[in-house]
2 protein chains.
Amino acid sequence: MIPTDPFDALLGYHLRRASVAVMADLAAALAPLDLKPAEASILFTIAAADGITQAEIGRALGIQRANMAPIIASLTKRGLLAKQTADGRSQSLRLTQTGQTIHHQASAAAQDHEHRLFGHLPAAERQRLMTQLKTIWRAP
Amino acid sequence: MIPTDPFDALLGYHLRRASVAVMADLAAALAPLDLKPAEASILFTIAAADGITQAEIGRALGIQRANMAPIIASLTKRGLLAKQTADGRSQSLRLTQTGQTIHHQASAAAQDHEHRLFGHLPAAERQRLMTQLKTIWRAP
DNA sequence: TATTGTTATACTCTATAACTATA
DNA sequence: TATAGTTATAGAGTATAACAATA
């Protein structure tokens with residue numbers, strides 16, 4: 001169809017296409033839990049850093065403060081998170097019992113998704129790929 | 001801030017973060033030409049496949065027919081593209097003289113962007129990374 | 001002064017449905 | 001029947017600005 005692929009040598013293009021494909025698979029894997037990837041990433045972060053505030057989560061994940069508010073409100077309303085006063089302006093976040101259950105399920109779904117998509121790569125190669133990707137986004 | 005990074009072993013997460021960072025840099029690199037990444041990718045495709053139709057471009061780039069229409073209309077209105085009747089329902093697309101000029105500038109900007117972001121990687125390593133990314137998005 | 005949480009809002013990207021004209 | 005182009009529209013995701021409360 002296209003005689004010479006104009007994107008053949010463009011790493012950024014393939015990075016983008018790969019990201020879109022992988023995110024679509026992850027979204028499908030999390031859909032049964034009624035979780036979007038961003039919501040799952042927030043649960044993962046709270047599970048790993050109990051008592052973290054939503055502003056800190058936003059900085060860690062690259063989500064803006066203004067966009068964190070409705071997501072945290074929704075997860076709290078669903079009974080997955082509990083807020084606890086940290087100081088007068090910020091609140092410590094923790095997973096509720098239900099939140100922990102959903103977190104475990106989301107974690108299993110994400111692991112399964114990763115294994116399904118990347119399990120065929122030799123461990124060393126997969127590790128090198130991951131290191132390269134980390135370098136790319138943490139560089140700037 | 002976060003004691004143990006819950007995303008440390010999740011390839012998909014770093015793929016996504018890397019893609020977002022790279023796309024932001026590309027968007028900034030193309031902004032002086034008043035081109036978005038998607039528009040530039042369409043110019044690249046037409047330059048490589050003169051006379052291609054917009055439905056074919058959409059399939060090649062993963063852009064839906066309905067979303068191609070306004071983009072092609074805009075590029076045509078700006079004088080970068082010319083339409084020529086292929087058959088009664090489809091049109092061959094070509095770059096105008098202006099379109100070719102912009103295409104060359106966009107190509108140079110993209111090359112510069114790639115070199116700036118990935119130039120530090122050894123050629124062999126960069127090639128392997130690209131091959132892995134191609135495999136990931138072309139697999140499903 | 002700076003930060004947190006929040007609201008409002010706008011813009012882009014993407015997805016679906018429906019229509020016509022043509023093959 | 002299937003495809004191309006188009007329009008309308010809805011839903012995400014993301015961006016900025018502003019505000020009150022607090023540090």
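What you see is a predicted model, and the numbers here were worked out from it, not measured in a lab. In the text below, chain A, chain B and the rest are named by the order of the sequence lines, each starting its count at 1.
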Query raised in the report: Testing A/L43, A/I46, A/L80, A/L95 for side chain to side chain contact (heavy atoms under 4.5 Å, CB included) with A/Q100, which one passes?
Result: A/L95
Query raised in the report: For DNA chain D, whose closest nucleotide is more 5', that of A/G62 or that of A/G88?
Result: A/G62
Query raised in the report: Considering heavy-atom distances to DNA chain D, does A/R89 or A/K36 have its closest nucleotide positioned more toward the 5' end?
Result: A/K36
Could you check how far [atom1] of [X] sits from [atom2] of [N], rounded to whole Å?
X     : N      : atom1 : atom2 : result
B/N67 : C/dA18 : CG    : P     : 17 Å
A/R65 : C/dG5  : CZ    : P     : 8 Å
B/I71 : D/dT7  : CD1   : P     : 14 Å
A/E56 : C/dT3  : CD    : P     : 13 Å
A/Q54 : C/dT7  : CD    : P     : 10 Å
A/K83 : C/dG5  : NZ    : P     : 8 Å
B/L61 : C/dT14 : CG    : C1'   : 15 Å
B/I63 : D/dT6  : CD1   : C1'   : 16 Å

Requested in this report: Would you check if the side chain of B/T131 reaches a backbone N or O of B/Q127 as a donor-acceptor pair within less than 3.5 Å?
Outcome: yes
Requested in this report: Would you confirm whether B/E114, through its side chain, and A/G12, through its main-chain N or O, come within 3.5 Å as a donor-acceptor pair?
Outcome: yes
Query raised in the report: At under 4.0 Å, does any side-chain N or O of A/Q64 touch on OP1 or OP2 of D/dA15?
Result: yes
Select base, sugar-phosphate, or nothing to describe what [X] touches, counting heavy atoms under 4.0 Å on all strands.
X     : value
A/A66 : base
A/D87 : sugar-phosphate
B/A55 : sugar-phosphate

Query - CA sep, side-chain torsions, deciding dist, call: B/L133, A/Y13, side chain to side chain contact (heavy atoms under 4.5 Å, CB included) - result: CA-CA 9 Å; B/L133 295 172; A/Y13 179 77; over 6 Å; no
Query raised in the report: In terms of heavy-atom contacts, does CZ of A/R126 have more than 12 from other residues, nucleotides or ligands at under 6.0 Å?
Result: no
Report task. Map A/P70 and A/R16 onto DNA chain C by nearest heavy atom, then report which one ends up closer to the 5' terminus. Result -> A/P70
